[in-house]
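These numbers come from the heavy atoms of this one structure, side chains and all, not from hydrogens, waters or symmetry mates. Residue numbers start at 1 and run along the sequence shown.
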Amino acid sequence: IDEGALSVFAVAERYVIKRLLEACAYTLAQSLNSKNVFEILKAAFLANQTDLLTKSRNFMYKNPSTFVCDDWIQLGKSYPTLCQTLNKLK
């Protein structure tokens, strides 16, 4: 994952810089892989970025082995409403 994009994504969300947030979300969605999907999923959830959440969820559905691990369990424990949010997405 491009740590710069993730850091800028957090700043853009904090200061409500919509175009920058969208550009970072696009970059993060393009970089989704089995090693970074949980980090991107968490960032999208915390920033309430539905499109990036959906893309992360879809990546996990297409690659089910990525979320059968301790990271998924820990993410669910840390953010219990995340799974509910993912289930509500179209």
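Remark: Thr85 engages Phe45, Leu53 in a side-chain contact (heavy atoms from CB on, under 4.5 Å) (not counting sequence neighbours). Partners of Ser78 according to the side-chain hydrogen bond (donor to acceptor under 3.5 Å, both in side chains) rule, which considers only residues two or more places apart in sequence or in another chain, are Gln74. Evaluation of the salt bridge (Lys or Arg N to Asp or Glu O under 4.0 Å) rule for Lys55 yields Asp51 as partners, not counting sequence neighbours.
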Apply side chain to side chain contact (heavy atoms under 4.5 Å, CB included) to Phe9 and Ile40, showing your working. CA-CA 10 Å; Phe9 181 77; Ile40 292 174; over 6 Å; no
Please determine whether side chain to side chain contact (heavy atoms under 4.5 Å, CB included) holds for the pair Met60 and Leu41, giving the CA-CA distance in whole Å, both sets of side-chain angles, and the decisive distance to 0.1 Å. CA-CA 10 Å; Met60 289 174 26; Leu41 185 67; 3.9 Å; yes
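In this structure, Ser56 OG and Glu39 CD are separated by 11.0 Å, a value rounded to the nearest 0.5 Å. Within the model, atoms SG of Cys24 and CG of Leu6 stand 9.0 Å from one another, a figure rounded to the nearest 0.5 Å. Rounding to the nearest 0.5 Å places OG1 of Thr54 at 15.0 Å from CZ of Phe59. Remark: Tyr79 OH to Leu86 CG distance equals 13.5 Å, nearest 0.5 Å. Note: Arg57 CZ to Leu89 CG = 5.0 Å, rounded to the nearest 0.5 Å. Of the inter-residue distances, the one linking Lys88 atom NZ with Cys83 atom SG reads 12.0 Å to the nearest 0.5 angstrom.
A side-chain donor-acceptor contact under 3.5 Å links Asn36 to the backbone of Ser31.
Two different hydrophobic clusters hold Val8 and Leu46 under the rule that ILVMFWY side chains link at heavy-atom gaps under 4.5 Å.
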Anything under 3.5 Å between a donor and an acceptor, one on a side chain of residues 10-22, the other on a protein residue two or more places apart or in another chain? List them.
none

